[in-house]
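Hydrogens, waters and symmetry mates are skipped; everything else that's a heavy atom, side chains included, is used. When a residue number appears, it is its place in the shown sequence, counting from 1.
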Amino acid sequence: MMQANSPETIEPKPDRPKPKKFRRPSRMSYPITARSTLSTILRVIRHPLASFRLIHDEGCAQGGALIKDPDYRERWSSSIAEYVHWYFADKRMMHSISWLGIPTRKMLPDMWVYQEIIHECRPDYIVEIGSLFGGSALFMANVCDMMGHGSIISIDISRENYRVSHPRIVELTGDCASSEIVDQVRSLVQDGSVMVIHDADHTQEAVTRDLALYAQFVTAGQYLIVEDGVVDLYNPLQSRMAHSFPEGGPLPAARRFLKQNAELYELDMTRERFILTSNPRGYLRRKPSLSEAG
C-alpha cells in the first residue's frame with residue numbers, strides 16, 4: 001500500500017489568475033487565449049460576411065437596432081450589395097476618388113490590396129491595360145518609389161485625359177490588342193518578373209481576347225488581375241450598370257480563363273477579404289514554378 005505524501009512534500013498549486021471572459025454575441029463566453037484569438041481571426045478572414053451577419057443578428061436579437069446613433073443608423077443600414085452598387089453607379093462618387101489629385105476611379109480596398117501585392121511579389125514590371133487619367137498608374141509608381149523597385153507600363157488607346165508624368169511609368173499609346181503594342185510589351189518585359197492588370201474594354205469578348213494576349217507575360221508567383229467584374233454581379237433588370245453589358249462583362253471571362261488555365265493559374269480569394277471589391281474572382285495568381293515551390 002502506497003504511503004500518502006506528507007504535507008511538507010506536497011507542492012502548493014501556483015496562484016494563477018483566471019483568464020478573463022469575453023462575451024460573444026451568442027451570449028456564450030470562453031477564455032481569451034492566443035489559440036482562440038487566432039482561431040477567431042482566421043474564421044473572420046475566411047468567412048467575413050457570415051461573421052458580420054452573426055454580430056448583426058445577435059445585436060438585433062438583444063433588443064433594438066445594431067447602430068444606436070440616429071445620424072448613422074440610416075447611413076449604415078444599407079446592404080453591402082446596395083453600397084457597392086451606389087459606389088459604382090453614382091458617378092459623383094467614382095469621379096471624386098483620386099490619388100494626389102489624379103482621378104483613379106477605383107474601389108479603395110482594391111488599391112490597398114494592390115500595394116500589398118506589389119510589396120509581397122515585388123514585380124519588375126506592372127503592365128496596366130487601361131490607365132485613363134493615370135491616377136492608379138501614379139499610385140503604383142509611388143509604391144514602387146517607396147520600395148525602390150519596379151516600373152509601370154501604362155497602355156491606353158488615347159492620352160487625351162491622361163495627366164501623369166513619372167520616371168517609373170512607360171507609356172504605350174494604342175490598341176492593347178494590336179500586334180504592335182503586344183510586341184512592345186514583350187520587348188520591355190523580357191528580362192524580369194511581370195504582373196498584369198486589365199482595366200480596358202470590359203465586355204466579355206474584349207476581356208477574353210486580352211487575357212489570351214497578355215497572360216503569356218505574367219511570370220510565376222505574380223498576379224493577373226481582372227478588374228470590374230462587379231458589373232456581372234447585378235441583375236440587369238434592376239441595374240443600369242449591369243444592363244450596359246448584355247453579353248456579359250469581365251467576370252465570366254475571368255472564370256472561363258481560370259477554368260481553361262487551371263494548371264497555371266489559381267484564384268486568390270484572400271485578396272477579397274475586405275468584401276468590398278470591384279474585382280470579384282479577379283485576383284488570379286500564376287502558380288509558382290516547381291523549383292520555386294520546392
Side-chain angles (χ1 to χ4, degrees), residues 99 102 104-106 110-111 113-145 147 149-159 161-162 164-203 206-229 250 253-254 257-258 261 264-268 271 278-279 282-289:
W99 173 256
I102 310 298
T104 63
R105 298 191 179 181
K106 304 286 187 189
D110 287 322
M111 294 185 70
V113 168
Y114 284 7
Q115 63 82 21
E116 289 182 339
I117 291 175
I118 294 170
H119 180 263
E120 291 171 20
C121 299
R122 300 184 67 82
D124 297 314
Y125 303 99
I126 303 169
V127 180
E128 183 182 54
I129 309 171
S131 295
L132 194 57
F133 295 99
S136 55
L138 178 61
F139 169 77
M140 292 186 291
N142 290 153
V143 173
C144 291
D145 280 340
M147 296 195 310
H149 180 83
S151 299
I152 317 299
I153 300 175
S154 166
I155 304 173
D156 210 297
I157 199 167
S158 170
R159 297 292 165 179
N161 297 306
Y162 191 76
V164 173
S165 177
H166 191 282
R168 290 189 183 272
I169 301 177
V170 177
E171 300 164 13
L172 301 182
T173 305
D175 185 349
C176 66
S178 69
S179 58
E180 293 81 5
I181 293 295
V182 174
D183 288 343
Q184 288 182 64
V185 172
R186 181 179 291 106
S187 65
L188 287 169
V189 305
Q190 60 184 342
D191 62 342
S193 57
V194 183
M195 163 183 165
V196 172
I197 301 174
H198 186 279
D199 189 21
D201 185 340
H202 293 313
T203 60
V207 177
T208 299
R209 175 202 66 204
D210 295 343
L211 294 183
L213 289 172
Y214 285 87
Q216 62 178 307
F217 300 125
V218 180
T219 51
Q222 298 292 338
Y223 283 77
L224 172 59
I225 301 174
V226 185
E227 290 202 350
D228 292 338
F257 174 86
L258 186 60
N261 298 273
L264 292 177
Y265 284 87
E266 60 189 359
L267 176 64
D268 187 355
R271 303 302 178 178
S278 65
N279 314 327
Y283 288 96
L284 311 181
R285 178 173 176 263
R286 180 150 186 169
K287 298 176 182 179
S289 62

- Task: Can you spot which of S193, C121, C144, S154 makes a side chain to side chain contact (heavy atoms under 4.5 Å, CB included) with I126?
- Result: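 Single side chain to side chain contact (heavy atoms under 4.5 Å, CB included) partner of I126 among S193, C121, C144, S154: C144.
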Measure across [X] and [Y] and return the closest heavy-atom pair with its distance rounded to 0.1 Å.
{"X": "A177", "Y": "R209", "value": "CB-NE, 3.4 Å"}
{"X": "I155", "Y": "C176", "value": "CG2-CB, 3.9 Å"}
{"X": "A253", "Y": "T208", "value": "CB-OG1, 3.4 Å"}

Separation between [atom1] of [X] and [atom2] of [Y], rounded to the nearest 0.5 Å:
{"X": "L132", "Y": "R159", "atom1": "CG", "atom2": "CZ", "value": "10.0 Å"}
{"X": "I153", "Y": "E128", "atom1": "CD1", "atom2": "CD", "value": "11.5 Å"}
{"X": "E266", "Y": "K287", "atom1": "CD", "atom2": "NZ", "value": "6.0 Å"}
{"X": "Y114", "Y": "K106", "atom1": "OH", "atom2": "NZ", "value": "5.0 Å"}
{"X": "Y214", "Y": "I197", "atom1": "OH", "atom2": "CD1", "value": "14.0 Å"}

- Polar side-chain atom of D199 near backbone of E227 as donor-acceptor pair, under 3.5 Å: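 Between the backbone of E227 and the side chain of D199 there is no qualifying donor-acceptor contact (under 3.5 Å).
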- Item | Whether Y223 side chain and D268 backbone form a donor-acceptor pair below 3.5 Å |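 Absent.
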- Would E120 and R285 satisfy salt bridge (charged side-chain N to carboxylate O under 4.0 Å, His left out), going step by step from the backbone distance to the final call? CA-CA 13 Å; E120 291 171 20; R285 178 173 176 263; over 6 Å; no
- Task: Tell me, yes or no, whether the heavy-atom count around H149 atom NE2, taken from other residues, nucleotides or ligands under 6.0 Å, exceeds 12.
- Result: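 Enclosed.
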